[in-house]
Amino acid sequence: MRPLPLRPEQTAVRGRPRAPPLSARGGRTERAGVGGGPAVHSDCMLLSRLAQVSREIAATSARSRKIALLAELFREADAADVPVVIPYLAGRLPQGRLGIGWKVLGRRVAPAAGPRLTVREVDARLTELGGVSGPGAQAERARLVGELMGAATEEEQRFLIGLLTGEVRQGALDAVAVEGLAQATGAPADAVRRAVMLAGSLPAVAEALLGEGPGALDRFRLTVGRPVLPMLAHSASSVAEAVTRLGACSVEEKLDGIRVQVHRDGDTVRVHTRTLDDITDRLPEVTAAARELPGERFVLDGEVISFAPDGRPRSFQETAGRVGSRVDVAKAAREVPVSPVFFDVLGVDGRDLLDLPFTERHAELARLVPEPRRVRRTVVSGPQDVARAERFLAETLRRGHEGVVVKALGAPYSAGRRGASWLKVKPVHTLDLVVLAAEWGHGRRTGRLSNLHLGARTADGGHAMLGKTFKGMTDAMLAWQTERLRELAVDDDGHVVTVRPELVVEVAYDGLQRSPRYPAGVTLRFARVVRYREDKRPEEADTVESLLAAHPDVAP
DNA sequence: TTCCGACAGTGGGGTCGCAAT
DNA sequence: ATTGCGACCCCACTATCGGAA
């Protein structure tokens, strides 16, 4: 099986605002490859060229312009540069994460006078860096990073820091890169996008496409053993809304666990996460379950979740902790056993089912997977059948699950897309909370107070912080709350502005979870602002006591 | 012309594992 | 042993562009 591409997510620590970029006209060089290997005598793209294009892309908001800039660069790229240039421009490292964060990158290193680093040299240095482990590894990595930074110009340093922290923020990730690739090669964008979804990797497709031309796209088909980006769902606020939008549909229970894609080829079983990481070794139960199914070659989509002995689903925290355990898997499996529950099949016995309507895929699923290993569902014919869908949701919630996913019966499996044919519906709770503090935003929120610290009233007349949120705010709200909170400010340490607890905000959340971090022992899951309640005084805000009473199963 | 789908950005909490303290 | 940090899990929501209606 081939190495898996990693798709780094945003890290928790945010970047500093960038200084205005210097101009640096990049180009090519005749430099050979690095590391004492065989000399590569071809044009090597300079890092400065990449950094310059990245800056230009960031400077425009027009998607078409971003695409044109990328296409121009792809045309310039030498075949050997492609496996590095493509991920770099999509803001990713071919090596995946390297264990370098702000602690290491925060140290200033004097920049080089002129651009001489090639893209391939940077890649070679980072590969070396990624191989460092054992005692003293952190110091050695820091030293290597310092060396690399010292060889980079100021603009190159900024680009590298963005790359290493996963914060290139040029407004062009995979989707825009796909368009640029299509434009550079004359291949239809849809065909490129599909190949990327099926390959689970943009660089692999780019290399084939730039090396061989559009004909190479035919090679990328659903292959057992090669993970495909999973189809995602949108949200709907009610079952009625979802059914009205989709018509004839399947209403399925939504399990609060970890998404898995399971590939079986004879005795070989591989299990992948939503981001295509291979977690086979952590989930022996899933391998065993896949081997018991009456089929030799298939690709299944489902969720892994842990059920307590009474049959109720364990909390997401428990399931996620189990799936994250790698050291003593046998022990973890004894304490928190997990089960796979499947809801779709992408291929079986050499047949690619992706383009079949869901009804037909589900018929295949039912043939392959017995009832208890399939997600519970009910099929409704359309809006006239909403009452049954609502009963199914209520029953699903009684069973302790998260909600439902409503799926159009006629829709194909849109790998990698957040298609409008799957709609999730979850109950939403709201609270009136008091703003205790707010944090200065980054990026497009620079200069705005963004992340709110939320408090509920306590019995002693004070407030207990329940978590933070930056979600749900419009630009107008951001401007308004920045003004208002500054009036209430009692302290500003440059990061957090503490305020008098007088402003009441209505917050929606998905549920309560245990927390070792917050004073009440609980925190809100996925909190987001609904609106400010200027009509409410802080004494009318909700209390910790009433919150815990509303979620007795979570209360400490 | 208006509407709407797709995308990127802005970050949240928890847990695990590793290395440093 | 404890702590700090980074990697990955889960995730909601808004602004914007540009093609569809």
Side-chain angles (χ1 to χ4, degrees), chain A residues 6-15 58 60-67 91 96-104 133-139 141 164-176 178-179 193 232 234-235 256-260 273-275 277 279 282 303-304 315-328 332 402 414 416-420 424 426 428 439 441-446 448 450-454 466-478 507-511 513-518 522-530:
Chain A
L6 298 172
R7 317 189 76 239
E9 298 291 318
Q10 301 278 341
T11 52
V13 185
R14 311 316 308 171
T60 173
S61 65
R63 206 123 66 198
S64 50
R65 176 82 185 125
K66 292 178 197 283
I67 291 166
R97 305 318 300 266
L98 292 170
I100 304 164
W102 281 108
K103 265 276 155 331
V104 172
S133 65
Q138 250 175 41
R141 279 204 289 261
L164 288 167
T165 54
E167 301 183 51
V168 168
R169 287 200 274 195
Q170 59 191 12
L173 298 176
D174 274 8
V176 175
V178 161
E179 297 282 339
R193 193 176 301 117
L232 306 171
H234 273 300
S235 291
D256 196 8
I258 306 289
R259 182 86 175 264
V260 286
T273 64
R274 197 168 89 92
T275 48
D277 286 319
I279 53 168
R282 294 181 234 165
E303 193 90 359
V304 151
S315 72
F316 172 76
Q317 283 170 299
E318 291 172 284
T319 294
R322 158 60 211 279
V323 174
S325 297
R326 272 167 290 194
V327 171
D328 191 345
E402 204 187 356
S414 314
R417 323 290 315 259
R418 202 172 276 284
K424 55 186 164 187
K426 296 188 283 186
V428 174
E439 297 173 16
H442 299 95
R444 68 183 300 282
R445 291 191 179 187
T446 300
R448 296 281 156 82
S450 171
N451 203 4
L452 303 179
H453 295 199
L454 305 167
L466 290 175
K468 308 179 191 178
T469 184
F470 54 87
K471 296 173 180 137
M473 297 151 188
T474 62
D475 286 2
M477 283 169 82
L478 282 164
V507 168
Y509 65 105
D510 279 16
Q513 57 186 358
R514 296 236 169 113
S515 170
R517 176 180 316 207
Y518 291 108
V522 293
T523 187
L524 305 178
R525 194 169 179 203
F526 309 137
R528 60 267 187 190
V529 169
V530 178

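Any value given below was found using the heavy atoms of this structure, including those in side chains, with hydrogens, waters and symmetry copies removed. Reminder, nothing fancy here: chain letters follow the sequence lines and each chain counts from 1.
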Novice: Would you say Arg517(A) places a side-chain N or O within less than 4.0 Å of OP1 or OP2 belonging to dG13(B)?
Specialist: yes
Novice: Has Lys426(A) got a side-chain N or O lying under 4.0 Å from the OP1 or OP2 atom of dA12(C)?
Specialist: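 So the side chain of Lys426(A) is within the cut-off, an N or O lying under 4.0 Å from OP1 or OP2 of dA12(C).
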Novice: Reckon Ser450(A) has a side-chain N or O less than 4.0 Å from the OP1 or OP2 of dG11(B)?
Specialist: yes
Novice: Starting the side chain at C-beta, find the nucleotide from dG11(B), dC10(C), dC9(C) nearest to Phe470(A).
Specialist: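 The closest nucleotide is dG11(B).
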Novice: Which of the following nucleotides, dC7(B), dC9(C), dC16(B), is nearest to the side chain of Thr273(A)?
Specialist: dC9(C)
Novice: On the nucleotide dT10(B), are OP1 or OP2 found under 4.0 Å from the side-chain N or O atoms that Asn451(A) carries?
Specialist: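 No, no such contact exists.
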Novice: Treat a base pair as Watson-Crick or G-U wobble with both distances under 3.5 Å, then lay out DNA chain B in dot-bracket form, 5' to 3', with | for cross-strand pairs.
Specialist: ||||||.||||||||||||||
Novice: Between C1' on dC10(C) and CD on Glu303(A), what's the gap in Å once rounded to a whole number?
Specialist: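 Atom CD in Glu303(A) sits about 10 Å away from atom C1' in dC10(C).
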Novice: Of Arg326(A) and Phe526(A), whose closest DNA chain C nucleotide lies nearer the 5' terminus?
Specialist: Arg326(A)
Novice: Within the sub-3.5 Å range, which N or O atoms of nucleotides 18-21 of chain B have a protein N or O partner, and how far apart are they?
Specialist:
residue	atom	partner	partner atom	Å
dA19(B)	OP1	Gly134(A)	N	3.3
dA20(B)	OP1	Gly136(A)	N	3.2
dA20(B)	OP2	Gly136(A)	N	3.3

Novice: Taking only the side-chain nitrogens and oxygens of Thr523(A), find out if one of them lies under 4.0 Å from OP1 or OP2 of dG13(B).
Specialist: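 No, outside the criterion.
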Novice: Are any of Arg525(A)'s side-chain N or O atoms less than 4.0 Å away from OP1 or OP2 of dC10(C)?
Specialist: no
Novice: From the options dC10(C), dA15(C), dG13(B), select the nucleotide whose nearest atom is closest to the side chain of Ser515(A).
Specialist: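 In terms of side-chain proximity for Ser515(A), the closest of dC10(C), dA15(C), dG13(B) is dG13(B).
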Novice: With respect to the phosphate group of dC16(B), does any side-chain polar atom (N or O) of Arg322(A) fall under 4.0 Å of OP1 or OP2?
Specialist: no
Novice: Is any NZ, NE, NH1 or NH2 atom of the basic residue among Arg444(A) and Asp475(A) found under 4.0 Å from an Asp or Glu carboxylate oxygen of the other?
Specialist: yes
Novice: Using only side-chain N and O atoms of Gln317(A), determine if any of them is under 4.0 Å from OP1 or OP2 of dC10(C).
Specialist: no
Novice: A side-chain contact here means heavy atoms from C-beta on lying under 4.5 Å apart; do Phe316(A) and Ile258(A) qualify?
Specialist: yes
Novice: Describe the nucleic acid contact of Gln170(A) in one word from base, sugar-phosphate, nothing, applying a heavy-atom distance below 4.0 Å.
Specialist: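 Sugar-phosphate: the residue Gln170(A), judged by heavy atoms under 4.0 Å, touches backbone atoms but no base.
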Novice: Does Asp510(A) pair with Arg528(A) as a salt bridge, N-O distance under 4.0 Å?
Specialist: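 Between Arg528(A) and Asp510(A) there is a salt bridge, with a charged N closer than 4.0 Å to a carboxylate O.
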Novice: Base contacts versus sugar-phosphate-only contacts with protein, heavy atoms under 4.0 Å: please encode nucleotides 16-21 of chain C as B, S and - from 5' to 3'.
Specialist: -BS---
Novice: When the distance from CG of Leu466(A) to P of dG12(B) is rounded to whole Å, what number comes out?
Specialist: 16 Å
Novice: Using side-chain heavy atoms (C-beta onward) and a distance below 4.5 Å, is Arg63(A) in contact with Glu179(A)?
Specialist: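 Answer no - side chains too far apart.
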Novice: Quick one: label Val176(A) by what it contacts on the DNA or RNA (base, sugar-phosphate, nothing), any heavy atom closer than 4.0 Å.
Specialist: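 Sugar-phosphate only.
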Novice: Give one of base, sugar-phosphate or nothing for Glu439(A), where a contact means two heavy atoms less than 4.0 Å apart.
Specialist: sugar-phosphate
Novice: Have a look at Ala175(A) and say if it touches a base, only the backbone sugar-phosphate, or nothing, with a 4.0 Å heavy-atom cut-off.
Specialist: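 It contacts sugar-phosphate atoms only.
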Novice: Using the closest heavy atom to pick a nucleotide of DNA chain C for each, name whichever of Ala476(A) or Gly257(A) lands nearer the 5' end.
Specialist: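 It is Gly257(A) whose nearest nucleotide is closer to the 5' end.
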